[in-house]
Amino acid sequence: MPELPEVETVRRGLAPVFEGATFTRVDQRRADLRLPFPQDFAKRLIGRRVLKLRRRAKYLIAELDDGEALVMHLGMSGSFRIDKGASLANTHIAKGQNPAHDHVVFHFDNGASVTYNDPRRFGCMLLLHSNEIEKHPLFEGLGIEPLGNEMNAQKLADELHGRKTSLKAALLDQGNIAGLGNIYVCEALHRAGLSPFRAAGSVVDVSGKPMPTLERLARAIKDVLREAIEAGGSSLRDHRQTDGSLGYFQHNFRVYDREGEPCPTKDCKGVVARKMQNGRSTFYCPVCQK
DNA sequence: CTGTGTTCCTGTTCGC
DNA sequence: TGCGAACAGGAACACA
């Protein structure tokens, strides 16, 4: 499921349960996901209090009171389910969650429990010293936060300048901008009127003058992410938020999963097309995306 | 170094 | 209806 807006939605859902709570029990039901669980995973969490739950790119990071941090990534199919205390007897399995894929259950002193479910097991969980996160191999190559202060046309120019790969591949590369995935790259490129197939470097104006194209792209990326977060993320294939509710940004997709529909750009007569690009579907309008 | 293709895994959808 | 193929929101890794 999760690109930046979905991970941020999950963070907002989990924060009230995690922050200030202490782990009383951790059920780890298998040895690994995409990566092995840390040694003594449960033992190292029990008794620790969560100071803060934050997000970097598509990672959730729970800062603990002993200076360690629980780092979690949802991969392609990971999701969390919150079961509030006292009503444990009434716990229901959220639609679409096969209990066979409940890999971790966190129990807290506030009576709540949080279950991590991940059928494809592309997610991962790590325990890192808080001050070493940025130096960890999974983090050190990450690019800028697209909703952060450093995100602007000039920064995009720096990242894309001279790149021969496609614009879409460059935007998907977490080393340039961290947090975009297939959906929001398609959506941002459509909003910016840029073809996913053109060379990434071709959007950089070598004159060094103001770069209206990149201004548009930066704007489009920020807008689509903000709007998606506001909508609670996107729910494809019935994916749920932590409280079991559905995000609804998928209804606002302009091109993603809309092959054959008319291009929503004003006065554009194009039809949304789908092409495979680097092994993934690209949805775009061949008419208004140049 | 850069860019591309493969791979990890299960589940759902689509075409015959 | 059944059945195999294609495809799915990520990203590390191998290789040209």
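We use all heavy atoms of the structure for the numbers below, so side chains are in, but hydrogens, waters and symmetry mates are not. The model shown is predicted, which means the values in this text are computed figures rather than measured ones.
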| note | Residue set satisfying side-chain contact (heavy atoms from CB on, under 4.5 Å) with Asn176(A), at least two apart, ordered chain then number -> Glu159(A), Arg163(A), Ala170(A), Asp173(A)
| message | Measuring only the P atom in each nucleotide, how far is dG9(C) from dC14(B)? A whole number of Å is fine. | response | 15 Å
| remark: Whether each nucleotide of nucleotides 4-11 of chain B has a protein heavy atom under 4.0 Å at its base (B), only at its sugar-phosphate (S) or at neither (-) is summarised, 5' to 3', as S---BBBS
| request: Determine the Euclidean distance between corresponding P atoms of dC9(B) and dA14(C); express it in Å to zero decimal places. | output: 16 Å
| task | Using the test side-chain contact (heavy atoms from CB on, under 4.5 Å), find all partners of Gln174(A) that sit at least two apart in sequence or belong to another chain. | result | Lys58(A), Leu142(A), Ala178(A)
| query | Please, what dot-bracket string fits DNA chain C when only Watson-Crick and G-U pairs with both distances under 3.5 Å count, crossing ones use [ ] and pairs to another strand use |? | reply | .|||||||.|||||||
| query | Is there a donor-acceptor pair under 3.5 Å between the side chain of Asn110(A) and the backbone N or O of Val17(A)? | reply | yes
| Of all pairs that satisfy side chain to side chain donor-acceptor pair (under 3.5 Å), the ones with a partner from residues 29-42 of chain A, not counting sequence neighbours | Arg30(A)-Asp32(A)
Scan nucleotides 5-7 of chain C against the protein and return all N/O pairs shorter than 3.5 Å with their distances rounded to 0.1 Å.
none

| message | Going by side-chain contact (heavy atoms from CB on, under 4.5 Å), name the residues that satisfy it together with Leu35(A), two or more places apart in sequence or in a different chain. | response | Cys124(A), Leu126(A), Leu138(A)
| Which residues share a side-chain contact (heavy atoms from CB on, under 4.5 Å) with Thr213(A), sequence neighbours left out | Leu194(A), Val203(A), Arg216(A)
| task | Go through the structure and list residues passing side chain to side chain donor-acceptor pair (under 3.5 Å) with Thr165(A), not counting sequence neighbours. | result | none
| query | So what does Leu138(A) hit on the nucleic acid, given a heavy-atom distance under 4.0 Å: a base, only sugar-phosphate, or nothing? | reply | sugar-phosphate
Please list, one pair per line, the donor and acceptor atoms closer than 3.5 Å that link side chains of residues 146-153 of chain A to other protein atoms, with sequence neighbours excluded.
residue	atom	partner	partner atom	Å
Asn152(A)	OD1	Gln154(A)	N	3.0
Asn152(A)	OD1	Lys155(A)	N	2.7

| message | Between dA6(C) and dT6(B), how many Å separate the two P atoms, rounded to a whole number? | response | 14 Å
| said: Going by ring pair (Phe, Tyr, Trp, His ring centres under 6.0 Å), name the pairs with one or both residues in residues 27-60 of chain A, residues two or more places apart or in two chains. | reply: Phe37(A)-Phe41(A), Tyr59(A)-His73(A), Tyr59(A)-Phe139(A)
| task | Not counting sequence neighbours, which residues clear ring-ring contact (aromatic ring centres under 6.0 Å, His included) with Phe197(A)? List them please. | result | Tyr284(A)
| Between Tyr59(A) and dG10(C), does any side-chain N or O lie under 4.0 Å from OP1 or OP2? | no
| Gap in Å between the two P atoms, one belonging to dC7(C) and one to dG5(B), rounded | 15 Å
